[in-house]
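Taking it in order: structure first as structure tokens, then the write-up.
These numbers were taken from a predicted model, which means no experiment stands behind them.
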Amino acid sequence: MFRGVPDLTRRVRITLGFVLVAGILLIAYLVERAGRPTSPSIDVSPSTDGPQAPEAALQGSAPHLEPAAEPSAIPPRDPPRASWTFDLDIYVYDLEGHLTASIVHIGTGPNAVSVPAPEGHCTYRGDFRPGGPRIPRAVATYANLWSRELMVGYSRFATKPHRFDLHLTGPRFRGRAVDGESGQPVAKANLYVQGWDKRPVIVPPGRPATGPDGEFDLHLNLAEQRRPLSPYLRVVHPDYIPAEFPLPPSADPVELRLQPRQRFEGTVELRHGDPVARTSFVVHVTSTKEEIEAAGYGTTLQVATRASVSRWSPFPNAPRELDRFSTECPVETDGAGRFSIPLPYPGLVRGSLVVPGSLAQSLEVDTSVERDPLRIVLQPTGKPDARVRVVRAGGQPLRGVSVVVAEADGDVSPAILTATTDEDGWFDSSALLEGHAVRISLVGDPKGRAMDLPPTRRFFRWVVRHDSNLVAPSR
């Protein structure tokens, strides 16, 4: 039972040894601490031998002691320069690559300077000041010829002038476009000058438009346009008659006065006076070349669509009138049933208005004579669910065929109604007046996709009979 006693005694001895060693180390540490020099005490009492300490000495400070040496400070930098100079060596060339006399404008705003270059060369020494533009801009002019604006950079450490080349690429035009009647600025008007190749030659590319205040600034790039240019500056805006102005002889601001187009306007309402809001329809404006020029719209002839008939037109038998021009114009009423659109030119306005629940209303007004607003009153249909079935002579229905309905007398364009037959050959005929004589043309898809080709595309007369069959004549 006492077999474990020697082991216990051995463990106690080991433990006591560790405790002894730790005590010796602790005593050595305390002795070492006690031997360190302590901080000198500061006597803050008045001294009788030396000068008196000032009464305003900060608490805890020792005025009579020498201050500790400060670390070596970084040597101060040179004060920033208020400005420095830079030299520019500028050469000006014409379109042929020869040095030409000009004036070089450097900088913008109140700090801009003009330097003459009588032989196509000038040297400019400028001062740069903090807060000013870091990269000055330079542009050369001679009469009405201008160069592209060039950013002329420089370096404060350059040992010789920086050379820059400016090329007089073309004339520059500035000004504003205004309404010829009210004098108000015209924004978003397109301006361009055309060459013989009919492409506008301007900088920047594209058709620049006037700004919110009607202002514009054009620079023609003649370096890339060697052909002669049109001597006119053309201005186009949807609400104004296209106009051409002679190219200004200088870059002095000019004022371009535009004349408003004649407008086609009116109201659409139901029989009881309720307005027809948010409805759309299309009208065709037709006129002759002589009438267009007489009305002062001669510049619009190039954008007018010449009346012609394509192979798959719904009006294949319409005569080709090469001396007449026709333009299609979309119309939409506002919330009060009013509409107003600018006409491309005065002429005969024809169209048709179809509104669900009402009969189709044909329009025809000569705007070159009649200028008062038009009032369109729609009549309710007698059969809102009326429909007609288009069939062949053998009774088979024609599916997916476009049915074009035109007036029985007069031109077949524009149509008063266009509808498409369903899978059983039916189309909605509620907008047509019962017993009214019309002309019908059946037009199919030339590729014959998911539909039947009609036996004929020629117009034929038909008297409207609702809920009946319309037999397509044979070829």
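- Looking only at distances, no side-chain donor or acceptor of Gln262 sits under 3.5 Å from a matching main-chain atom of Leu343.
- Residues Arg278 and Asp334 meet the side-chain proximity criterion, which asks for heavy atoms closer than 4.5 Å.
- The aromatic rings of Tyr93 and Tyr91 lie parallel to each other, their planes meeting at an angle below 30°, with 60° marking the opposite boundary.
- Each of Glu370, Arg371, Arg350 was evaluated against Val365; a single residue qualifies, Glu370, per the side-chain contact (heavy atoms from CB on, under 4.5 Å) test.
- Heavy atoms of other residues, nucleotides or ligands lying less than 6.0 angstrom from CD of Gln396 number more than 12.
- By the 6.0 Å contact criterion, CD on Glu119 is open, its count of non-hydrogen atoms from other residues, nucleotides or ligands being 12 or less.
- Considering only heavy atoms from C-beta on, Val391 stays 4.5 Å or farther from Leu398 through its side chain.
- Judged by distance alone, the side chain of Thr333 and the main-chain N or O of Thr279 form a donor-acceptor pair under 3.5 Å.
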- Task: List the steps, then state whether side chain to side chain contact (heavy atoms under 4.5 Å, CB included) holds for Tyr232 with Leu247.
- Result: CA-CA 5 Å; Tyr232 295 99; Leu247 295 181; 5.8 Å; no
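- For Ser429 (side chain) and Leu432 (main-chain N/O), no donor-acceptor pair under 3.5 Å exists by modelled atom type.
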request  = Begin with the C-alpha distance, continue with both residues' side-chain angles, and end with the deciding distance and a verdict on side chain to side chain contact (heavy atoms under 4.5 Å, CB included) for Leu378 and Val268.
outcome  = CA-CA 8 Å; Leu378 301 180; Val268 180; 4.1 Å; yes
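- His167 NE2 to Thr169 OG1: the interatomic distance, rounded to the nearest 0.5 Å, is 9.5 Å.
- Distance alone, capped at 3.5 Å, places no donor-acceptor pair between the His121 side chain and the Thr100 backbone.
- At a threshold of 4.5 Å between non-hydrogen side-chain atoms, the residues Leu150 and Val139 do not count as touching.
- Formation of a donor-acceptor pair under 3.5 Å by the Thr210 side chain with backbone atoms of Val186 is found in this model.
- A salt bridge links Asp239 with Arg263; the closest basic N to acidic carboxylate O contact falls under 4.0 Å.
- Within the 4.5 Å cutoff, no side-chain heavy atoms of Val471 are placed close to those of Pro473.
- Put simply, the side chain of Ser352 gets close to the backbone of Ile416: a donor and an acceptor are under 3.5 Å apart.
- To the nearest 0.5 Å, atom NZ of residue Lys383 and atom CG of residue Leu433 are 11.0 Å apart.
- Atom CG in Leu270 sits 12.0 Å away from atom CD1 in Ile376 (nearest 0.5 Å).
- Using a distance-only test at 3.5 Å, with no hydrogens or angles considered, no donor-acceptor pair links the side chain of Thr123 to the main chain of Asp89.
- In summary, the side chains of Tyr142 and Asp94 do not present any donor paired with an acceptor at a separation below 3.5 Å, with no hydrogens or angles considered.
- Looking at Thr267, its side chain never comes within 3.5 Å of a backbone N or O of Gly337 through a donor-acceptor pair.
- With contacts defined as side-chain heavy-atom distances shorter than 4.5 Å, the pair Glu434/Arg465 qualifies.
- The number of heavy atoms from other shown groups lying within 6.0 Å of CZ (Arg338) does not exceed 12.
- In this structure, Arg387 does not pair ionically with Asp428, as no charged nitrogen and carboxylate oxygen lie closer than 4.0 Å.
- Without hydrogens or angle criteria, His105 side chain to Val115 main chain gives no donor-acceptor distance under 3.5 Å.
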message = What verdict does the side chain to side chain contact (heavy atoms under 4.5 Å, CB included) test give for Leu256 and Leu191, after you've listed the backbone C-alpha separation in whole Å, the side-chain angles of each residue and the deciding distance to 0.1 Å?
response = CA-CA 11 Å; Leu256 307 180; Leu191 304 97; 4.0 Å; yes
Under the side chain to side chain contact (heavy atoms under 4.5 Å, CB included) rule, what do Gln379 and Ser358 come out as? Steps first, then yes or no, please. CA-CA 6 Å; Gln379 301 298 325; Ser358 300; over 6 Å; no
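- Contact check for Thr327 versus Tyr345: side-chain heavy atoms found under the 4.5 Å cut-off.
- Using a 4.0 Å cut-off between charged nitrogen and carboxylate oxygen, Asp165 and Arg163 count as a salt-bridge pair.
- Here the two rings, on Phe281 and Phe339, have centers that are under 6.0 Å apart.
- A salt bridge does not link Arg174 with Glu215: every distance from a Lys NZ or Arg NE/NH1/NH2 to an Asp or Glu carboxylate oxygen is 4.0 Å or more.
- Remark: Phe164 CZ to Leu88 CG distance equals 6.0 Å, nearest 0.5 Å.
- Note: Ser280 OG to Glu332 CD = 4.0 Å, rounded to the nearest 0.5 Å.
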With salt bridge (Lys or Arg N to Asp or Glu O under 4.0 Å) as the criterion, how do Arg234 and Glu244 come out once you've worked through the C-alpha distance, each side chain's angles and the decisive distance to 0.1 Å? CA-CA 4 Å; Arg234 179 168 297 166; Glu244 290 182 339; 2.2 Å; yes
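- Side chains of Val401 and Thr420 form no contact here, defined as non-hydrogen atoms less than 4.5 Å apart.
- Ile90 CD1 to Cys122 SG: the interatomic distance, rounded to the nearest 0.5 Å, is 4.5 Å.
- No side-chain donor-acceptor contact under 3.5 Å links Glu291 and Ser368.
- Looking only at distances, no side-chain donor or acceptor of Ser441 sits under 3.5 Å from a matching main-chain atom of Phe459.
- Ion pairing between a basic and an acidic side chain is recognised when a charged N comes within 4.0 Å of a carboxylate O; Glu255 and Arg257 show such pairing.
- Taking the side chain as every heavy atom from C-beta outward, Leu258 and Phe245 approach each other to under 4.5 Å.
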